[in-house]
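As the structure is a prediction and not an experimental result, all values here were calculated from the model.
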Amino acid sequence: MTVEQALLGFTAVAVLLTIMPGLDSAMVLRSAISQGPKHAVATGMGINTGSFLWGAAAAVGISALLTASEAAYTALKLAGAAYMLWLGFSLLWKSFRRRHAPVPVDGVPSPAAPGERLAASWAKGLGTNLLNPKVGVSYIAMIPQFMPADVSPLLMGLALAGVHVLLSVIWFGLIISAAHLARKALQAPRSVKITDRITGVALLGFGTSLALKH
């Protein structure tokens, strides 16, 4: 297998992984609706940073510990589940407490609305990606299959992760653009509450499933 063949083969698989409905897309969509495009981009960048780190870890064999060590996998799984449950409860709690909070329009928060830093949105995206052991297991299962001989595992792992990140950037861009086009309807207080509640329930579902899965 040549490098070109490996990249093309991995791209075909990564396209399917990218467009499948999941937590990453839900997080970006929620940020786009509730906080505006800048925060959605920051959230997506955090998710993609995690993908790069998982790609490097899978390439050098670090994430293989997740499949070889039950204790390591269980520890990361429980940490990820706790983080997702905390995010889910936080969104639900805020959505029920929020009454008529000003909503960002075109990504610019109202002066009366306490703005969250972009770094916080980036950290949330990074946290949901890094603390999800399913991502690591998926990478360690796929990347070795697209590893040509006589190529640096680390560089090839980063290249494959880069393909996934590029596809994610395109996909997240489509999500953010769609939310921006429908911003007047989606950024109404009622729509924001519904979005936060749906995302919160989804996070609770992911977290509970992750915690209970053997």
Step by step, would you call Asp24 with Phe172 a side chain to side chain contact (heavy atoms under 4.5 Å, CB included)?
CA-CA 9 Å; Asp24 291 348; Phe172 292 159; 4.0 Å; yes

Using 0.5 Å steps for rounding, measure from the [atom1] atom of [X] to the [atom2] atom of [Y].
| X | Y | atom1 | atom2 | result |
| --- | --- | --- | --- | --- |
| Ser51 | Leu126 | OG | CG | 9.5 Å |
| Phe52 | Leu160 | CZ | CG | 10.5 Å |
| His39 | Ser34 | NE2 | OG | 11.0 Å |
| Met27 | Ile175 | CE | CD1 | 12.5 Å |
| Leu53 | Leu158 | CG | CG | 9.0 Å |

Tell me whether Val3 shares a hydrophobic cluster with Leu155, the cluster being built from Ile, Leu, Val, Met, Phe, Trp, Tyr side chains joined at under 4.5 Å.
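No, it is not one cluster - the side chains of Val3 and Leu155 are not joined through contacts under 4.5 Å.
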
Assigning hydrophobic clusters by single linkage (Ile, Leu, Val, Met, Phe, Trp, Tyr; side-chain heavy-atom cutoff under 4.5 Å), is Ile47 placed with Leu174?
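Same hydrophobic cluster.
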
Residues in side-chain hydrogen bond (donor to acceptor under 3.5 Å, both in side chains) contact with Ser168, at least two apart in sequence or another chain:
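Ser168 satisfies side-chain hydrogen bond (donor to acceptor under 3.5 Å, both in side chains) with no other residue.
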
If you measure only the distance, is there a donor-acceptor pair under 3.5 Å linking the side chains of Trp122 and Thr43?
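There is no such pair (donor and acceptor under 3.5 Å, judged by atom type) between the side chains of Trp122 and Thr43.
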
Quick check: closest heavy atoms across Asn129 and Gly50, and the distance to 0.1 Å?
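Reported closest heavy-atom pair: OD1-C, 3.1 Å.
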
What pair of heavy atoms forms the shortest contact from Ala179 to Ala32, and how long is it?
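Minimum heavy-atom contact is CB-CB, 3.8 Å.
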
Run the side chain to side chain contact (heavy atoms under 4.5 Å, CB included) test on Leu7 and Phe146 for me, step by step, so that the C-alpha distance in whole Å, both residues' side-chain angles and the decisive distance to 0.1 Å come before the verdict.
CA-CA 7 Å; Leu7 290 174; Phe146 299 94; over 6 Å; no

Is there a side-chain contact between Thr2 and Pro148 (heavy atoms, below 4.5 Å)?
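The answer is no, as the side chains (C-beta and beyond) never meet within the 4.5 Å cut-off.
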
Where do Leu29 and Ile33 land on the side chain to side chain contact (heavy atoms under 4.5 Å, CB included) test, with the steps shown first?
CA-CA 6 Å; Leu29 179 59; Ile33 294 173; 3.8 Å; yes

For a side chain to side chain contact (heavy atoms under 4.5 Å, CB included) check, start with the C-alpha distance between Phe10 and His164, then their side-chain angles and the critical distance, and finish with the verdict.
CA-CA 8 Å; Phe10 183 79; His164 192 197; 4.2 Å; yes

Taking atom CE of Met156 as the centre, does the number of heavy atoms from other residues, nucleotides or ligands within less than 6.0 Å exceed 12?
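More than 12 heavy atoms, drawn from other residues, nucleotides or ligands, come within 6.0 Å of this atom.
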
When Val163 is tested against each of Val165, Leu167, Leu166 for side-chain contact (heavy atoms from CB on, under 4.5 Å), which residue passes?
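Only one of Val165, Leu167, Leu166 forms a side-chain contact (heavy atoms from CB on, under 4.5 Å) with Val163, namely Leu167.
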
Within the side chain of Thr128, is there an N or O that forms a donor-acceptor pair under 3.5 Å with the backbone of Gly125?
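At least one qualifying donor-acceptor pair exists.
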
